[in-house]
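These notes are about the structure you will find just below.
Just so it is clear, the model here is predicted, and its values are computed rather than measured. Order of the sequence lines sets the chain letters (A, B, ...), proteins ahead of strands, with each chain counted from 1.
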2 protein chains.
Amino acid sequence: MAQLSDNIEKFIKDLMEEGTQVELRRNELAQHFGCAPSQINYVLATRFSINHGYVIESRRGGGGYVRIVRMCQRNEDNLLSVLMNQIGGEIDEESAVAIIKHLLDLQLVTRNEALIMRSAMQQDALALPVSAKNVLRASVLKSMLKQVFRNAQRGDKA
Amino acid sequence: MAQLSDNIEKFIKDLMEEGTQVELRRNELAQHFGCAPSQINYVLATRFSINHGYVIESRRGGGGYVRIVRMCQRNEDNLLSVLMNQIGGEIDEESAVAIIKHLLDLQLVTRNEALIMRSAMQQDALALPVSAKNVLRASVLKSMLKQVFRNAQRGDKA
DNA sequence: TATTCTGACTTTCTTTGACTATTATACCGG
DNA sequence: CCGGTATAATAGTCAAAGAAAGTCAGAATA
């Protein structure tokens with residue numbers, strides 16, 4: 001249950017706390033969790049990706065480090081167009097969910113709205129090639145985003 | 001003749017108790033009952049389907065799980081399964097919008113939520129035959145409905 | 001005969017280890 | 001003292017093994 005990767009993710013997020021970034025030694029962390037160092041890379045890749053809103057900077061060699069930076073929230077003004085660009089013609093489910101979570105963080109949508117949007121992103125039942133699903137998902141997400149930003153402009157509170 | 005499936009069903013329902021959901025390991029449960037793991041899937045499919053008012057979420061791989069969530073009936077006895085049947089494999093935009101409006105009338109969704117759902121139903125940009133769009137729409141709508149009827153209280157943590 | 005149950009096969013997610021790449025530092029010849 | 005080179009100390013990559021859960025056709029059973 002409490003998976004190694006999940007624990008490492010939590011550990012890092014705890015380290016971040018209120019700050020916007022954290023720096024660590026990959027090998028030390030691996031040792032702390034008694035795992036292979038590359039496990040750390042796995043966690044970073046699957047939980048701290050760009051789509052999750054993080055950037056990883058690192059350096060090898062003596063005194064090397066891994067720095068995890070939480071991206072600052074983008075200006076809401078052009079957020080819609082930024083997101084539209086980011087989505088493009090297709091998007092995978094994970095990235096879509098990350099975008100929705102971002103909206104939630106920015107309080108542009110309520111928790112329930114985010115959940116509904118997220119559910120619209122899971123098309124697992126559809127018997128289609130993944131690439132086609134990504135195209136469909138992009139279309140649906142963009143449509144919903146336009147709606148959300150219409151609401152946001154009005155400043156509606158449901 | 002207390003059938004194995006019946007026992008498993010009862011076991012799961014006991015686990016749920018008053019709660020709205022329960023999480024378990026498929027293999028552990030199978031072992032507990034000394035049966036094939038796929039037996040669990042059979043029980044889930046035949047006793048915990050959407051029409052029974054449940055949704056199943058799961059994850060594979062290390063640390064995998066199966067989560068069984070009981071839906072909210074909200075006095076509208078079996079509205080969800082009625083709607084699911086009504087939607088079937090495809091649905092046109094007009095009917096979808098009608099269903100969403102119905103949910104709004106019943107105050108099962110807020111106005112904003114309804115707007116978002118409706119926007120997810122308009123796939124005009126998509127260069128696809130109408131029939132294909134209807135299939136896609138059905139899939140997205142059903143997915144959102146499941147979310148709406150989930151028992152999670154408003155403002156709940158996932 | 002319809003329902004239940006199983007097993008082989010598939011898919012997804014995690015973890016590891018061997019190999020590679022980069023950087024800092026120590027060491028050397030000039 | 002300077003510049004280059006070897007060495008050590010890091011981190012990165014990738015493929016393969018491991019650890020779950022899913023699917024489905026067919027056997028077993030009520």
Which residues satisfy the side-chain contact (heavy atoms from CB on, under 4.5 Å) test with A:K13, sequence neighbours excluded? A:E9, A:F48, A:Y54
Please determine whether a side-chain nitrogen or oxygen atom of B:R25 lies at a distance below 4.0 Å from atom OP1 or OP2 of D:dA20. yes
Gap between atoms CZ and C1', on A:R26 and D:dA11 respectively (whole Å): 5 Å
Check the distance between D:dC14's P and A:Y42's OH and give it to me in whole angstrom. 16 Å
Start and end of chain B contact along DNA chain C [non-hydrogen atoms, under 4.0 Å]: C:dT3 to C:dT14
Is B:N27 close enough to D:dA21 that one of its side-chain N or O atoms is under 4.0 Å from OP1 or OP2 there? yes
Give the rounded distance in Å between these two atoms: CG of B:L44 and P of D:dT23. 11 Å
Whichever of B:I8 and A:P37 has the more 5' nearest nucleotide on DNA chain C, that residue is B:I8
d(CD, B:Q39; P, D:dA27) in whole Å: 17 Å
Atom pair distance, as rounded to whole Å: OH in A:Y65 and P in D:dG12: 11 Å
Using a heavy-atom cut-off of under 4.0 Å over every strand shown, decide if A:R67 touches base, sugar-phosphate, or nothing. nothing
Which atom pair, heavy atoms only, marks the closest approach of B:E90 to B:V135? CB-N, 3.8 Å
Nearest-Å distance for atom pair CG/C1', residues A:L4 and D:dG18: 13 Å
Is the backbone N or O of B:A96 less than 3.5 Å from a side-chain atom of B:R137, with the two atoms forming a donor-acceptor pair by type? no
I need the CD-P distance between A:E23 and D:dT10, as an integer number of Å. 13 Å
Is a salt bridge present between B:E57 and B:R150, judged by a nitrogen-to-oxygen distance below 4.0 Å? yes
Supply the atom-to-atom distance B:I100 CD1 to B:L108 CG, rounded to the nearest 0.5 angstrom. 12.5 Å
Rounded distance (Å) that lies between atom P of D:dT13 and atom CD1 of A:I56: 11 Å
Salt bridge present between B:D6 and B:R47 (N-O < 4.0 angstrom): yes
With a cut-off of less than 4.0 Å, is there a side-chain N or O of B:N41 near OP1 or OP2 of D:dG22? yes
Mind checking if A:G64 touches a base, just sugar-phosphate, or nothing, with heavy atoms under 4.0 Å? sugar-phosphate
Has B:S58 got a side-chain N or O lying under 4.0 Å from the OP1 or OP2 atom of D:dG22? yes
Given DNA chain C, 5'-ward residue of the pair B:C35 and A:A36, judged by closest heavy atom: B:C35
For B:F33, what residues pass the ring-ring contact (aromatic ring centres under 6.0 Å, His included) criterion, not counting sequence neighbours? B:F11
Reckon B:S5 touches a base, only the sugar-phosphate, or nothing at all at heavy-atom distances under 4.0 Å? sugar-phosphate
Quick check on DNA chain D: between A:L24 and B:G62, whose nearest nucleotide comes earlier from the 5' end? A:L24
A:L141 side, atom CG; A:L83 side, atom CG - distance, nearest 0.5 Å: 8.0 Å
